[in-house]
Each structure stands twice: as C-alpha cells, then as structure tokens.
Amino acid sequence: MKRLLAILFFLAMSFSQAVAQEEDPFEYGQEYLFGVSKSTSSGLISGGFFRYSAKKTDRLFQTFGIEFAHIRHPQERRVRSTLYFNSSSFYEGKEKYLISTRLMYGYDALLFRKAEQKGVQINGVLTGGPSLGFISTYYLRDETGNLLTYSETQNGNIIGPAGYFAGLSDLEMALGLHVRASLLFEFGSFKSNITGFEVGFLAEIFNKKIEIVPQATKNYQFYPAAFVSILFGTRK
C-alpha cells in the first residue's frame, strides 16, 4: 500500500511539473538578438540591430534595442561617367546621405510555440521610439581628385563617389520617431540558441524634410518601408 501511494505521489508530481512547463511557453528569462536587415527604403543591406528582451509574463517579453539603418531616396539612380574608362558608378542627383539611429522599446509576444527540438516558433514584435537622423554630404570625386557635390559637377567630370566618411565635417542632424511591427520566425534546434528571420513594416518621420536628391520630384520627412531581417542570438 505504501509503495502504491509512493508511485501515485510520484506520478502526481510529474504531471504537475509537466503542466507547469506547458503553461510557461518561455522557459527562459532573457534573450539577446542580433540581426541585419534589407528594407524597401535602402539597398541590399539597409542596416543592423541589437535587441535585449526580458520576461514579463508567460507569453510576453519586454524589449529594448538599437538599430542603425541607411535610408535612400526612392528616385536614386546609379550611373557611370561616360568620359572615363576607370570611373566608378555613383548616384545621379544625390547630394545627401541619411543614416537613422533608432532606439527601440516594446514587446515581443509568443503567437505559436514550436515543438521540442523542431518546428517553427512565431512571435509578434511591436517596438517604437525616438530616431536620430545623421545627414552628411554625398561627395563625388573629379579627375583631379577634388571633392564636389553633384550640383557642382560639370560636363560629366566624375570619377566616382568619395565614400561615406568624406562628408562627416558637414554633418547635420534631424530628430524623429518610428514604429516597427513584425513577425519573427525562429528555426533554431536548441532552446538556448536563436536562428531565424523577421518580416514586417516600419514607419519613420523626422522633424524636417531631408533633401537627399534635391532634383527629385519630391523629397520627404516621412519614410515608410517593408523589411526582412536575418537574425541570430541566445537566451538564458
């Protein structure tokens, strides 16, 4: 009889632990994510981000992060000088770079939990916060090595772009706000590691219109974009 009671007690304890684990989809308390993104408002790689998340409830994490992204004008067009065989391609009409630094705060919610060691976990992520836009001059280089903007060029005398850092001495700033909504698909085989991708939409507005391409039909202060990110990370 005592042995039967002991077995029943053991089974009851095992069942209660199993139920507790099932009711707690997040069996970890912290999460660290790194990622690179491609958005419709930029080129092949728009930028990268880091996010830290801490558990709030059984299915909800509180998220903090930072993202750096290069924003392009929709009318930017890459061309090459017809006068020089060794010239590099550059953006016709472009006169400014815009790099956005976004501070993120929000929530990461479990929508679909993957099975042990397999399957896909789907999370819904909603973040937002202040943005700081860094605006620098897009300099080109002529045949003599001088730096000049597109509006200062004459007769196609352009060898190629001078690079990101050539215009740092002319740096300007713009303040803004952004909101970011996405679905995160995780494929990692182990609970402590994260591998997956994220798809979503981002809307960002600055306190002034930024003339990235002054000759364009229109320049903007509001930049909506769809994006996809490849991400990896760890949790504990």
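Index from 1, following the sequence. Values below: all heavy atoms of this structure, side chains included; hydrogens, waters and symmetry mates excluded.
Residues F134 and L175 share a hydrophobic cluster, clusters being chains of Ile/Leu/Val/Met/Phe/Trp/Tyr side chains in contact below 4.5 Å. Linking Ile, Leu, Val, Met, Phe, Trp and Tyr whenever their side-chain heavy atoms come within less than 4.5 Å leaves M173 and I71 in two separate clusters. There is no path of hydrophobic side-chain contacts, each under 4.5 Å, that joins V36 to L202. Hydrophobic clustering of Ile, Leu, Val, Met, Phe, Trp and Tyr side chains at less than 4.5 Å, counting indirect connections, unites L111 with F185. Y97 is not connected to Y139 by any chain of hydrophobic side-chain contacts under 4.5 Å among Ile, Leu, Val, Met, Phe, Trp and Tyr, and they are in different clusters.
Rounding to the nearest 0.5 Å gives a distance of 10.0 Å between OG1 of T57 and CG of L110. A distance of 4.0 Å separates OG1 of T149 from CD of E95, quoted to the nearest 0.5 Å. Here OG of S88 is found 10.5 Å from CZ of R141. Values are rounded to the nearest 0.5 Å. Note that the CG atom of L140 and the OH atom of Y91 stand 12.0 Å from one another [nearest 0.5 Å].
The nearest pair of heavy atoms linking Q62 to Y107 is NE2-OH, 3.9 Å. Between A203 and F222, the shortest heavy-atom contact is CB-CE1, 3.9 Å. Of all the heavy atoms in I135 and A174, the pair that sits closest is CD1-CB, 4.0 Å. When all heavy atoms of L98 and H70 are compared, the pair lying nearest together is O-CD2, 3.4 Å. Taking both residues in full, the closest heavy atoms of L177 and P130 are given as CD2-CA, 4.0 Å, listed atom of the first, atom of the second, then distance. Shown here for S182 and F227, the closest heavy-atom pair between the two residues is CB-CZ, 3.8 Å.
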task: Report the C-alpha separation of H73 and Y220 in whole Å, then their side-chain angles, then the decisive distance to 0.1 Å, and conclude whether the ring-ring contact (aromatic ring centres under 6.0 Å, His included) test is met.
output: CA-CA 8 Å; H73 191 283; Y220 307 91; 5.4 Å; yes

- request: Please assess F49 against I66 for the test side-chain contact (heavy atoms from CB on, under 4.5 Å), listing each intermediate value before the final yes or no.
  value: CA-CA 6 Å; F49 63 87; I66 187 168; over 6 Å; no

- prompt: Yes or no on side-chain hydrogen bond (donor to acceptor under 3.5 Å, both in side chains) for S37 and S39, after CA distance, side-chain angles and deciding distance?
  reply: CA-CA 6 Å; S37 300; S39 78; over 6 Å; no

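In summary, the side chains of R51 and T63 do not present any donor paired with an acceptor at a separation below 3.5 Å, with no hydrogens or angles considered.
Judged by distance alone, with hydrogens and angles left aside, the side-chain atoms of Q75 form a donor-acceptor pair with the main-chain N or O of T217 at under 3.5 Å. Judged by distance alone, the side chain of H178 and the main-chain N or O of I205 form no donor-acceptor pair under 3.5 Å. No side-chain donor-acceptor contact under 3.5 Å links N123 to the backbone of L184. The main-chain N or O of E31 is never found under 3.5 Å from a side-chain atom of S53 such that the two would form a donor-acceptor pair. Under a 3.5 Å cut-off, the side chain of K94 and the backbone N or O of K96 do form a donor-acceptor pair.
Contact annotation: the side chain of E76 never approaches that of Y138 to less than 4.5 Å [non-hydrogen atoms, C-beta and beyond]. By the 4.5 Å heavy-atom criterion applied to side chains, R180 and L126 are not counted as neighbours. P214 places none of its side-chain heavy atoms less than 4.5 Å from the side chain of Y150. Taking the side chain as every heavy atom from C-beta outward, I194 and F232 never approach each other to under 4.5 Å.
The 12-atom threshold is not exceeded at CZ of F112, counting heavy atoms of other residues, nucleotides or ligands nearer than 6.0 Å. Enclosure of atom CD1 in I230 is not indicated, since only 12 or fewer non-hydrogen atoms of other residues, nucleotides or ligands lie within 6.0 angstrom. Applying the 6.0 Å contact sphere to NZ of K208 captures more than 12 heavy atoms from other residues, nucleotides or ligands.
Taking the six-membered ring where tryptophan is involved, the planes of Y223 and F206 are perpendicular, since the angle between them exceeds 60° and thus also 30°. Ring planes of F64 and Y52: parallel class, angle under 30° (limits at 30 and 60°).
When each of E204, R102, E67 is tested with S131 by the rule side chain to side chain donor-acceptor pair (under 3.5 Å), just one qualifies, namely E204.
Between F197 and F187, the gap from one ring centroid to the other is short of 6.0 Å.
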